[in-house]
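Notes follow the structure.
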Amino acid sequence: MIGMLFHGPEVFDSGWGRQIIDTMKTKDDLRCVLAGTMGRTAVFDSGIDGIEFWNQMPSACLSTLASEASLILIVNFAKSAEAGLVFGGMVVERSGVTIPVVQVECSGPFLVEWVDGCDPGLIETLHRMGISRRAPKPVVSSIWQADGNLYRRMTTASAGDFIFVDGIMVGRATGDVVTLISRDGQLCEIQGADVKAHGLEKLERFGGVDLQTAKLASSPTIRRTAKQPRIMKTTGSGLVFIDHAGMHVYELTGDVEGAVTVGDDTTVVVGDILSRFQIPVIGIVDGDEDVILENGRFASGSAKLTVRADDRFGLKVFDEIFNGKKQIGMPFEEALRKIVKLAGDDLVDLQTF
């Protein structure tokens, strides 16, 4: 069996995902796994079936696949060839797998054999698809400790890229190298970036960060390629509360009528994903959107409330409307009326869709 690990939306938006699946399934049985929230949205838009969505880091997905596959293909579409090589090398090293691993980097396109032993016939098949071969790049350690601090360097950022730590935007790169510094589980400094203090506060409120294992990402947008969204009607009841955790939207919104979201960017991302299922959102924002997703959509019936401080008012909604629970059975329209009333003089603007 061939295990296939896909990462990111661009590999599907570009058509490479479908092409590689269709080619590889003529060779052997496949088990296809995806890492990443926006990648899951791209899979839905593409209409491809048979891909599993594991809520795990790419290296953990690789380790699990290796327990039953004879070969693993990592299929990625990075923002650059260099970024693709760094990603592949890091994921393979962290996974510790020993079976043959080949990365197909669609941004080239090229392939890298990270762990030797792949069937030459499969390599030849990839060559016939126009995929050239490149040598693996040595993995350089990017984590070290000094003076009681933990340091982690990102080497694939570009000036203007958003910097994400476990899905939360914490700053914007000012150059090609970004170094994050933590002490006692708290992110305390980011070198080479304009820091978003609000993002650091969110990380602290959610329990801090283990910089050694945290998922780091840098990108000018969370979905670089455009794709016509696929729309389907779903039915559900009750509401779910999503507070700056857009990366978990699929796990949180099954069978609900709507969602209450807190944060400008969270509202845009969650609203865009849920618009595909015609699930409206009540977004609580304060106007500090960083535009991590352009041209986001909202389902009909959605509302966006601009308040003076979205975090503070979001906590108030969570306490007084949701009674401290992540999900309640209250109808959408009733919740919207109550939230607008609760906002009172804090409400700056109300936009409906």
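Residues: numbered from 1 along the sequence shown.
Hydrophobic clustering (ILVMFWY, side-chain heavy atoms < 4.5 Å, transitive): Leu274 and Phe298 are in one cluster. Hydrophobic clustering (side-chain heavy atoms under 4.5 Å, transitive across Ile, Leu, Val, Met, Phe, Trp, Tyr) groups Leu73 together with Leu34. By the criterion of side-chain heavy atoms lying less than 4.5 angstrom apart, applied directly or through intervening Ile, Leu, Val, Met, Phe, Trp or Tyr residues, Val195 is grouped together with Ile168 in one hydrophobic cluster.
Within the structure, the salt bridge (Lys or Arg N to Asp or Glu O under 4.0 Å) test picks out no pair touching residues 231-240 (sequence neighbours left out). Identified under the ring pair (Phe, Tyr, Trp, His ring centres under 6.0 Å) test for residues 40-94, with sequence neighbours left out: His7-Phe87, Phe44-Phe277. Screening residues 34-52 for salt bridge (Lys or Arg N to Asp or Glu O under 4.0 Å) gives Arg31-Glu52, Arg40-Glu251, Asp45-Arg223, Asp45-Arg276 as the qualifying pairs, with residues at least two apart or on separate chains. Residue pairs meeting the ring pair (Phe, Tyr, Trp, His ring centres under 6.0 Å) criterion with at least one member in residues 134-161, sequence neighbours excluded: Trp144-Tyr151. For residues 302-333, the set of pairs meeting the ring pair (Phe, Tyr, Trp, His ring centres under 6.0 Å) definition, not counting sequence neighbours, comprises Phe241-Phe318, Phe241-Phe322. Legend: salt bridge (Lys or Arg N to Asp or Glu O under 4.0 Å) pairs involving residues 317-334, not counting sequence neighbours, sorted by first then second residue: Glu334-Lys338. Residue pairs that meet the salt bridge (Lys or Arg N to Asp or Glu O under 4.0 Å) test with at least one member in residues 80-92, sequence neighbours left out, are Glu82-Lys137.
The side chain to side chain contact (heavy atoms under 4.5 Å, CB included) with Arg153 is formed by just one residue from the set Val178, Ile143, Val177; it is Val177. When each of Ile21, Val11, Val75 is checked for a side chain to side chain contact (heavy atoms under 4.5 Å, CB included) with Trp16, only Val11 meets the rule.
Under a 3.5 Å cut-off, the side chain of Asp147 and the backbone N or O of Asn149 do not form any donor-acceptor pair. With hydrogens and angles disregarded, no donor-acceptor distance shorter than 3.5 Å links the side chain of Ser67 to the backbone of Ser63. Formation of a donor-acceptor pair under 3.5 Å by the Thr266 side chain with backbone atoms of Gly263 is not found in this model. Of the possible polar contacts, none joining the Arg94 side chain to the Gly89 backbone as a donor-acceptor pair under 3.5 Å is found. Of the possible donor and acceptor atoms, one in the side chain of Arg172 sits under 3.5 Å from a partner among the backbone N and O of Gly160.
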With side-chain contact (heavy atoms from CB on, under 4.5 Å) as the criterion, how do Val170 and His198 come out once you've worked through the C-alpha distance, each side chain's angles and the decisive distance to 0.1 Å? CA-CA 7 Å; Val170 296; His198 200 34; over 6 Å; no

Report task. Might you work through the salt bridge (charged side-chain N to carboxylate O under 4.0 Å, His left out) test for Arg133 and Glu113, ending with a clear yes or no? Result -> CA-CA 8 Å; Arg133 184 168 190 156; Glu113 194 169 1; 2.4 Å; yes

Notebook entry, point to check: Passes side-chain contact (heavy atoms from CB on, under 4.5 Å), Leu180 versus Leu211? Steps please.
Noted result: CA-CA 8 Å; Leu180 298 93; Leu211 199 55; 4.1 Å; yes

Worked verdict on Thr23 versus Ile20 for side-chain contact (heavy atoms from CB on, under 4.5 Å) = CA-CA 5 Å; Thr23 301; Ile20 292 172; 5.7 Å; no

Please report the C-alpha distance between Asn55 and Tyr250 in whole Å, then the side-chain angles of each, then the deciding distance to 0.1 Å, and finally whether the side-chain contact (heavy atoms from CB on, under 4.5 Å) criterion is met. CA-CA 10 Å; Asn55 188 22; Tyr250 285 100; over 6 Å; no

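Residue Ile72 holds its CD1 atom at 7.0 Å from OG of Ser95, rounded to the nearest 0.5 Å. Atoms CG and SG, on Leu150 and Cys188 in that order, are 9.5 Å from each other to the nearest 0.5 Å. With rounding to the nearest 0.5 Å, the separation of CD1 in Ile284 from OG1 in Thr306 is 11.0 Å. Rounding to the nearest 0.5 Å gives a distance of 10.0 Å between CG of Leu336 and CG of Leu239. How far OG of Ser302 is from CZ of Arg297: 13.5 Å, rounded to the nearest 0.5 Å. To the nearest 0.5 Å, atoms CD (Glu257) and OG1 (Thr234) are separated by 10.5 Å.
Open room surrounds CG on Asp255; 12 or fewer heavy atoms of other groups in view lie less than 6.0 Å from it. Residue Asp22 places its CG atom among more than 12 non-hydrogen atoms of other residues, nucleotides or ligands, all under 6.0 Å distant. In Asp349, the CG atom is crowded: over 12 heavy atoms of neighbouring residues, nucleotides or ligands sit closer than 6.0 Å. Summarising the local packing, CG of Asp345 is surrounded by 12 or fewer heavy atoms from other residues, nucleotides or ligands at distances under 6.0 Å.
The side-chain heavy atoms of Val340 and Leu347, taken from C-beta on, include a pair separated by under 4.5 Å. Inter-residue side-chain proximity for Ile339 and Ile321 is flagged as met; some heavy-atom pair is nearer than 4.5 Å. The shortest distance between side-chain heavy atoms of Gln186 and Leu203 does not fall below 4.5 Å. Side-chain atoms of Met1 and Leu30, non-hydrogen and from C-beta on, never get closer than 4.5 Å to each other. Side-chain contact between Ile74 and Leu62: present, with at least one pair of heavy atoms (C-beta onward) separated by less than 4.5 Å. Within the 4.5 Å cutoff, no side-chain heavy atoms of Val307 are placed close to those of Val348. For the pair Ile242 and Val260, the minimum side-chain heavy-atom distance is 4.5 Å or more. Between Glu124 and Asp119, the closest side-chain pair of non-hydrogen atoms is not below 4.5 Å.
Residues meeting the side-chain contact (heavy atoms from CB on, under 4.5 Å) test with Gln228, sequence neighbours left out: none. Ala214 pairs by the side-chain contact (heavy atoms from CB on, under 4.5 Å) definition with Arg152, Val165, Asp166, Val209, Leu216, not counting sequence neighbours. Residues that satisfy the side-chain contact (heavy atoms from CB on, under 4.5 Å) test with Ser158, not counting sequence neighbours, are Lys79, Asp161. With sequence neighbours excluded, the residues that form a side-chain contact (heavy atoms from CB on, under 4.5 Å) with Thr156 are Ala83, Val86, Ser218.
The minimum heavy-atom distance linking Gly314 with Val262 is given by the pair CA-CG2, 3.9 Å.
Thr267 and Lys304 share no side-chain donor-acceptor pair at under 3.5 Å.
Between Asp311 and Lys202 there is no salt bridge, since none of the side-chain N atoms of the basic residue sits less than 4.0 Å from a carboxylate O of the acidic one.
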In residues 101-112, what donor-acceptor pairs under 3.5 Å come from side-chain atoms, sequence neighbours left out?
from   : atom 1 : to     : atom 2 : distance (Å)
Gln103 : OE1    : Trp114 : NE1    : 2.8
Gln103 : NE2    : Gly84  : O      : 3.0
Gln103 : NE2    : Glu105 : OE1    : 3.1
Glu105 : OE1    : Asn76  : ND2    : 2.9
Glu105 : OE2    : Ala78  : N      : 2.8
Glu105 : OE2    : Ser107 : N      : 3.3
Glu105 : OE2    : Ser107 : OG     : 2.8

